[in-house]
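All values reported here derive from a predicted model rather than from experimental measurement.
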Amino acid sequence: MAASDAPTLPYGTAPLVAPAAPGPVASASSAPAYGAPAYGASAPGAAYGAAPAPWVPPVTAPQNVLAWVAFGLGLGALLLGPISSIAAIVCGHIARAQIRRTGEQGAGAALTGLILGYVLTIGVVIVVVLYVLFFVAVFASAAYTSGVPSSL
């Protein structure tokens, strides 16, 4: 192979065969063929391995919307009163049944809506009972102290 027949390498790349060093001359058959990897080197393109698998988001169960509705109604009961708290109780029970049946997420939201609904409903009932008892006591004491007999 003449010098003019040798393939030219792009600028900055090292030749595949080391330059001749003083000492015994290597035969042409011992040098690797052009394009073949040297001893100990991996095949071209194999140095980086296979392409990584594309990122796939983890698959999770969907959220139960009714559970979040119960949660919102439970929080809304702080402002809207017993109508919202009763709706939170109903939606919370339905959502918990759906979650048990389908395996969806949102059990915590449904439970929170239920708890808020029950606590606020019981609170309203206690306030109404105390309100009624207060007026019964006021009218009973007024009737007792006026000297006029009443049927209360």
Side-chain angles (χ1 to χ4, degrees), residues 6-19 26 28-152:
T8 58
L9 297 173
Y11 180 76
T13 58
L16 295 176
V17 179
S29 63
S30 67
Y34 182 73
Y39 178 75
S42 59
Y48 299 106
W55 182 79
V56 178
V59 178
T60 59
Q63 293 282 332
N64 186 299
V65 176
L66 201 55
W68 290 102
V69 170
F71 179 76
L73 287 170
L75 288 178
L78 295 170
L79 299 174
L80 302 175
I83 301 293
S84 179
S85 63
I86 293 170
I89 293 170
V90 171
C91 290
H93 280 294
I94 294 171
R96 285 181 54 112
Q98 288 177 353
I99 289 168
R100 277 192 297 268
R101 188 176 64 246
T102 63
E104 294 174 318
Q105 293 183 350
L111 184 61
T112 304
L114 271 173
I115 291 170
L116 287 173
Y118 275 121
V119 167
L120 294 171
T121 300
I122 291 170
V124 167
V125 168
I126 289 173
V127 167
V128 168
V129 167
L130 291 176
Y131 185 75
V132 169
L133 289 176
F134 173 75
F135 279 106
V136 167
V138 166
F139 286 127
S141 68
Y144 179 73
T145 58
S146 67
V148 177
S150 69
S151 62
L152 284 177

Return a table of donor-acceptor pairs under 3.5 angstrom between the side chains of residues 68-87 and protein atoms on other chains or two or more places apart.
residue: Trp68; atom: NE1; partner: Gln63; partner atom: OE1; Å: 2.8
residue: Ser84; atom: OG; partner: Leu73; partner atom: O; Å: 2.6
residue: Ser84; atom: OG; partner: Ala77; partner atom: N; Å: 3.4
residue: Ser85; atom: OG; partner: Pro82; partner atom: O; Å: 3.0
residue: Ser85; atom: OG; partner: Thr121; partner atom: OG1; Å: 2.8

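Note that the CD1 atom of Ile115 and the CG atom of Leu120 stand 11.5 Å from one another [nearest 0.5 Å]. Taken to the nearest 0.5 Å, the NE2 atom of His93 stands 4.5 Å off from the CG atom of Leu114. Rounding to the nearest 0.5 angstrom, the gap separating the CG atom in Leu111 from the CG atom in Leu116 is 9.5 Å.
The ring-ring contact (aromatic ring centres under 6.0 Å, His included) check on Phe134 picks up nothing, with sequence neighbours excluded. Not counting sequence neighbours, the partners of Thr102 by the side chain to side chain donor-acceptor pair (under 3.5 Å) test are Glu104.
Shown here for Gln105 and Ile99, the closest heavy-atom pair between the two residues is O-CD1, 4.2 Å. Considering all non-hydrogen atoms of both residues, Gly106 and Ala67 come closest at O-CB, 3.2 Å.
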